[in-house]
> 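Next up is a structure, given as structure tokens.
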Amino acid sequence: KILDGGDKDQLWNNQLTNLSGDRWKDVRSTFTPIFTSGKMRSMYKFMKEIGSRLSDELSDKAAANTDFELKDVFGKFSLDTLATCAFGIDPDSFKDKDTKFVKCAARLFQNTLKDTMLMFSRFLPGVQKLHKMLNINIFKPKETEFFTDILRRTLQERRRTGQRENDLIDLMIDCIKEENADSDE
């Protein structure tokens with residue numbers, strides 16, 4: 001596997017689209033209950049709030065009567081919606097496009113020459129094993145660490161306080177609790 005390298009690359013390697021066999025089946029069955037129509041509907045309130053910001057942004061752009069890139073505006077909408085529904089945080093990229101969250105998210109979708117060269121290096125015989133042995137990460141390690149840290153801190157805080165936002169993190173916590181309860185029986 002091309003992402004078979006350091007510990008941060010392993011996180012990407014273990015996403016559902018990269019798994020197969022029993023491991024894929026286990027992960028899929030654990031997280032399938034998160035994506036029911038009812039649970040998705042519970043996130044509508046987040047999407048509605050971000051949609052209101054999108055509407056305001058488009059109104060401001062129309063009032064200014066200047067050209068703008070729809071890709072940028074809808075990118076902000078997508079990012080804010082995903083961050084709010086998944087991580088329970090609001091990057092508010094309509095107001096500030098220079099937050100660390102926005103920059104790290106954008107970096108995940110940018111490939112520099114260095115990124116491409118590192119990715120192709122994994123095709124050389126023995127390089128994957130060497131990267132794994134030396135814990136060398138090539139797929140956006142700083143950004144991966146940033147998002148992993150957000151997720152880890154949010155999970156710890158939610159478990160400590162019992163606070164619920166009814167976002168994807170809460171749904172994942174519920175699934176993990178159910179799976180642990182099932183395995184204890």
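We number each residue from 1, following the sequence as shown.
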> So R23 and V27, do their side chains get closer than 4.5 Å, heavy atoms only?
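The answer is yes, as the side chains (C-beta and beyond) meet within the 4.5 Å cut-off.
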> Going from CD on E165 to CG on L171, what distance comes out if it is rounded to the nearest 0.5 angstrom?
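Going from the CD atom of E165 to the CG atom of L171 covers 12.0 Å.
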> Between D72 and K97, is there a salt bridge with N-O shorter than 4.0 Å?
no
> Quick check: does any side chain N or O of S93 sit under 3.5 Å from a backbone N or O of D96, one acting as donor and the other as acceptor?
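Side chain of S93 to backbone of D96: no pair is present.
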> In Å, rounded to the nearest 0.5 Å, how long is the span from NZ of K114 to CD1 of I138?
11.0 Å
> Give a yes or no on whether the backbone of T81 and the side-chain of T84 come within a donor-acceptor separation of less than 3.5 Å.
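No.
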> Tell me whether I50 is reachable from F87 by hopping between hydrophobic residues (I, L, V, M, F, W, Y) whose side-chain heavy atoms are closer than 4.5 Å.
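In one cluster: no.
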> Please name the pair of heavy atoms, one in F94 and one in L54, separated by the smallest distance, quoted to 0.1 Å.
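The answer is CZ-CA, 3.8 Å.
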> With D9, which of K132, H131, R122 fulfils side chain to side chain donor-acceptor pair (under 3.5 Å)?
R122
> Here's a test for you: under side chain to side chain donor-acceptor pair (under 3.5 Å), which of T17, N18, T144 qualifies with W12?
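Between W12 and the candidates, side chain to side chain donor-acceptor pair (under 3.5 Å) is satisfied uniquely by T144.
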> I'd like to know whether CZ of R164 has more than 12 heavy-atom contacts from other residues, nucleotides or ligands below 6.0 angstrom.
yes
> Using only heavy-atom distances, determine whether the side chains of S59 and D56 contain a donor-acceptor pair under 3.5 Å.
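There is no such pair between these side chains.
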> Nearest 0.5 Å, what's the CE-OG1 distance between M172 and T154?
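Result: 9.5 Å between the selected atoms.
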> Do the non-hydrogen side-chain atoms of F46 and E49 ever get within less than 4.5 Å of each other?
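No; the side chains remain at least 4.5 Å from each other.
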> How close do D170 and Q163 get, heavy atom to heavy atom, and via which atoms?
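Closest approach of D170 to Q163, heavy atoms only: OD1-O, 4.0 Å.
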> Evaluate L168 against F35 for side chain to side chain contact (heavy atoms under 4.5 Å, CB included), listing each step before the verdict.
CA-CA 9 Å; L168 200 57; F35 298 101; 4.2 Å; yes
> Within this structure, what is the CZ-CG distance for the pair F120 and L118, rounded to the nearest 0.5 Å?
11.5 Å
> With under 30° as parallel and over 60° as perpendicular, where do the rings of F77 and F74 fit, or are they tilted in between?
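Judged by the thresholds at 30° and 60°, the geometry between F77 and F74 is perpendicular.
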> Side chains of R158 and L155: does their closest heavy-atom pair fall under 4.5 Å?
no
> Regarding N166 and S42, do their side chains bring together a donor and an acceptor under 3.5 Å, going by distance alone?
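N166 vs S42: no donor-acceptor pair found between side chains.
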> Would you check, one step at a time, whether the test side chain to side chain contact (heavy atoms under 4.5 Å, CB included) holds for R153 with T148?
CA-CA 9 Å; R153 284 186 287 133; T148 304; over 6 Å; no
> Tell me the closest heavy-atom pair linking A105 and L79, and the distance in Å.
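Minimum heavy-atom contact is CB-CD1, 3.5 Å.
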> Identify the heavy atoms of V102 and P91 that sit nearest to each other, and give their distance.
CG2-CB, 4.3 Å
> Side chains of N137 and K142: donor-acceptor distance under 3.5 Å anywhere?
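On atom types as modelled, these side chains do not qualify, holding no pair under 3.5 Å.
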> If two hydrophobic side chains count as joined below 4.5 Å and joins carry through other members, does M43 share a cluster with I173?
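Same cluster.
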> Are side-chain heavy atoms of I169 and L151 found at a separation under 4.5 Å?
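In short, these two side chains touch, coming nearer than 4.5 Å.
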> Please give me the minimum heavy-atom distance between R107 and E143, naming the atom from each residue.
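Taking every non-hydrogen atom into account, CG-OE2, 2.8 Å.
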> For the pair K8 and N13, evaluate side chain to side chain donor-acceptor pair (under 3.5 Å) and give the outcome as yes or no after the intermediate values.
CA-CA 9 Å; K8 291 172 187 60; N13 206 23; over 6 Å; no
> Would you compute the distance between atom NZ of K100 and atom SG of C104 and round it to the nearest 0.5 angstrom?
5.5 Å
> More than 12 non-hydrogen atoms from neighbouring residues, nucleotides or ligands closer than 6.0 Å to NZ on K45, yes or no?
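Yes, the 6.0 Å shell around NZ holds more than 12 heavy atoms from other groups.
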> For residues M40 and L16: do they belong to one hydrophobic cluster (side chain heavy atoms under 4.5 Å, members Ile, Leu, Val, Met, Phe, Trp, Tyr)?
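They do share one cluster, since a chain of ILVMFWY contacts under 4.5 Å joins M40 to L16.
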> Does D115 reach the side chain of F139, with side-chain heavy atoms less than 4.5 Å apart?
no
> Is the shortest side-chain heavy-atom distance between K61 and D67 below 4.5 Å?
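No, side chains not in contact.
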> Please indicate whether Q110 has more than 12 foreign heavy atoms, meaning atoms of other residues, nucleotides or ligands, lying under 6.0 Å from its CD.
yes
> Below 4.0 angstrom, N of the basic side chain to O of the carboxylate: do D90 and R53 qualify?
yes
> Please determine whether residues M119 and F109 belong to a single hydrophobic cluster, defined as Ile, Leu, Val, Met, Phe, Trp and Tyr linked transitively by side-chain heavy-atom distances below 4.5 Å.
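They do share one cluster, since a chain of ILVMFWY contacts under 4.5 Å joins M119 to F109.
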> Less than 4.5 Å apart, side chain to side chain, heavy atoms only: is that true for T36 and K39?
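T36 reaches K39 side chain to side chain.
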> Could you check whether any side-chain N or O of S52 sits under 3.5 Å from a backbone N or O of K48, counting only pairs where one atom can act as donor and the other as acceptor?
no
> Could you state the interatomic distance from CZ (F147) to CZ (F101), rounded to the nearest 0.5 Å?
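One finds 4.5 Å between CZ of F147 and CZ of F101.
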> Report, as yes or no, whether the 6.0 Å neighbourhood of atom OH on Y44 holds more than 12 heavy atoms from other residues, nucleotides or ligands.
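Counting neighbours around OH of Y44, 12 or fewer heavy atoms of other residues, nucleotides or ligands fall under 6.0 Å, so no.
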> Where is the tightest heavy-atom contact between D167 and C85, given as atom of each residue plus distance?
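Minimum heavy-atom contact is CB-O, 3.2 Å.
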